[in-house]
Number of protein chains: 2
Amino acid sequence: MTTTSVRMLTIATEQFAEKGYAGTSMRDIASAAGTTQAAIYHHFPNKQALYEAALDQRFAATIPAILSGLAEITNPEQRLRELVQRVMVMADEDAQFRQLYLRELLEGNPASLATLADNIYGAMQDSIASLAKDLNNRADIHLLLFSIIGLICHHLEARELAMLLPGNVPDNRELATLSEHISQLLLSGIKGL
Amino acid sequence: MTTTSVRMLTIATEQFAEKGYAGTSMRDIASAAGTTQAAIYHHFPNKQALYEAALDQRFAATIPAILSGLAEITNPEQRLRELVQRVMVMADEDAQFRQLYLRELLEGNPASLATLADNIYGAMQDSIASLAKDLNNRADIHLLLFSIIGLICHHLEARELAMLLPGNVPDNRELATLSEHISQLLLSGIKGL
DNA sequence: GTCTATAGGACGATAGAC
DNA sequence: GTCTATCGTCCTATAGAC
């Protein structure tokens with residue numbers, strides 16, 4: 001992995017997250033990376049391969065960072081709050097990550113979905129399993145995983161829409177408010193499963 | 001609204017939902033509708049206008065249907081279950097609706113988001129407000145709305161990904177299982193807000 | 001390893017006949 | 001109201017010089 005191809009990957013990630021696969025051209029990526037479109041083909045065989053490499057690089061780096069040190073929080077309720085908080089901060093600051101993930105769910109092909117599954121599952125499996133077990137051992141860890149990620153991503157992604165709903169208070173788009181709402185809903189909700 | 005333009009809208013909705021705005025060409029729509037690309041411009045000024053009309057038509061029709069008769073269920077817990085059930089069945093059978101919504105959140109411009117806000121808010125406001133009030137009057141109705149929709153859409157959209165996670169049981173992709181998980185999580189969760 | 005140039009085709013949109 | 005034809009521009013991908 002040369003420094004050039006890493007730079008290309010980084011730029012490609014930005015563009016794909018922002019405009020989607022179909023909405024991003026090789027020219028877009030090349031010009032944002034300060035090179036020509038043809039040069040990319042020296043490093044990646046085609047657009048699809050570049051996309052999958054971008055996806056893989058991005059997910060492999062971020063998910064372990066979120067979970068680092070989490071297991072040391074012994075109180076399970078506090079551990080869930082911390083997990084939600086971390087995922088929220090990451091998914092808020094790093095819109096790339098969130099958007100790549102959501103786009104993958106919408107239009108990912110089996111090959112790139114498998115990349116996603118490896119990265120998510122390999123890293124998060126243990127954390128969620130331990131949470132589910134400590135909070136309520138009847139809960140299914142996969143259903144719980146998707147509930148957590150779904151709540152977080154959707155609340156963050158819907159902020160622009162929320163702004164347009166009459167009666168919506170600005171406070172509802174604050175990270176702290178969203179995080180508190182989601183944590184509370186999950187904490188009480190999981191116990192009742 | 002002529003029958004021709006309605007047919008064009010219907011086809012356009014399918015294509016946009018499936019492949020996204022950038023991924024759908026006017027030629028795609030025209031050939032699926034059995035006409036030529038130029039003919040569309042007689043009915044709609046440009047691609048963007050066609051997209052917004054498709055969005056509006058689709059949402060204006062579906063959301064009132066989901067809520068019809070819901071208010072007559074007096075038990076609020078049962079009313080929530082029924083709402084979740086109906087949204088799930090619709091969002092499952094009508095992947096178009098779900099995908100259009102999720103794509104809008106990702107890449108909607110302010111104009112088309114406003115269309116969405118009108119359609120969602122105008123129709124669902126009262127139902128959610130009444131649920132929030134009856135179940136727990138401290139709950140914010142907008143936060144609750146996005147939690148419900150977020151859980152449902154994400155679980156449905158993630159089924160293909162779930163299939164790839166080791167240890168996932170096929171039962172977890174059944175509508176009834178998902179519906180039960182989400183209803184339970186929400187019912188207990190809302191009480192704890 | 002990056003460039004220019006270009007092939008070959010798809011794109012959105014328009015013009016004008018019928 | 002729909003067609004054919006076309007403009008100008010974009011696209012992915014390749015060829016070949018340096």
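Within every chain, numbering begins at 1; the chains are lettered A, B, ... in the order of the sequence lines, protein sequences first and strands thereafter. Please read all numbers here as calculations on a predicted model, not as lab measurements.
- In this structure, the NE2 atom of B/His43 is 6 Å from the P atom of D/dG1, given to the nearest Å.
- Atom OH of B/Tyr41 and atom P of C/dA15 are 13 Å apart (whole Å).
- Comparing D/dC3, C/dT2, D/dA13 by their closest approach to the side chain of A/Thr4 singles out C/dT2.
- Between B/Arg173 and B/Asn168, the side chains place a donor N or O and an acceptor N or O closer than 3.5 Å (distance only, hydrogens not considered).
- Residue B/Arg7 contributes atom CZ, which lies 11 Å from atom C1' of D/dT2 at whole-angstrom precision.
- Atom CD1 of A/Ile40 and atom C1' of C/dG1 are 13 Å apart (whole Å).
- Nucleic acid contact for A/Ala38: base, since at least one base atom lies under 4.0 Å from a heavy atom of the residue.
- Near-neighbour residues of DNA chain C inside residues 10-26 of chain A, defined by a heavy atom below 4.0 Å, are absent.
- The number of heavy-atom neighbours closer than 6.0 Å to CD of B/Gln57, taken from other residues, nucleotides and ligands shown, is above 12.
- In this structure, the CZ atom of B/Arg27 is 14 Å from the P atom of D/dT6, given to the nearest Å.
- B/Thr177 and B/Asp171 share a donor-acceptor pair across their side chains, judged by distance under 3.5 Å alone.
- In the set C/dG12, C/dA5, C/dT2, the nucleotide with an atom closest to the side chain of A/His42 is C/dT2.
- Not a single donor-acceptor pair under 3.5 Å links the side chain of A/Tyr51 to the backbone N or O of A/Phe16.
- Distance B/Leu50 CG to C/dA13 C1': 14 Å, rounded to the nearest Å.
- In this structure, A/Phe44 places its CZ atom 16 Å from P of D/dT14, rounding to the nearest Å.
- Distance B/Gln37 CD to D/dC7 C1': 12 Å, rounded to the nearest Å.
- A donor-acceptor contact under 3.5 angstrom links the side chains of B/Ser112 and B/Glu104, judged on distance only.
- Atom CE of B/Met124 is separated from atom CD1 of B/Ile149 by 4.5 Å, given to the nearest 0.5 angstrom.
- Counting heavy-atom neighbours within 6.0 Å of B/Glu107 CD, excluding the residue itself, gives a total above 12.
- For C/dC3, the OP1/OP2 oxygens have a side-chain nitrogen or oxygen of A/Thr36 closer than 4.0 Å.
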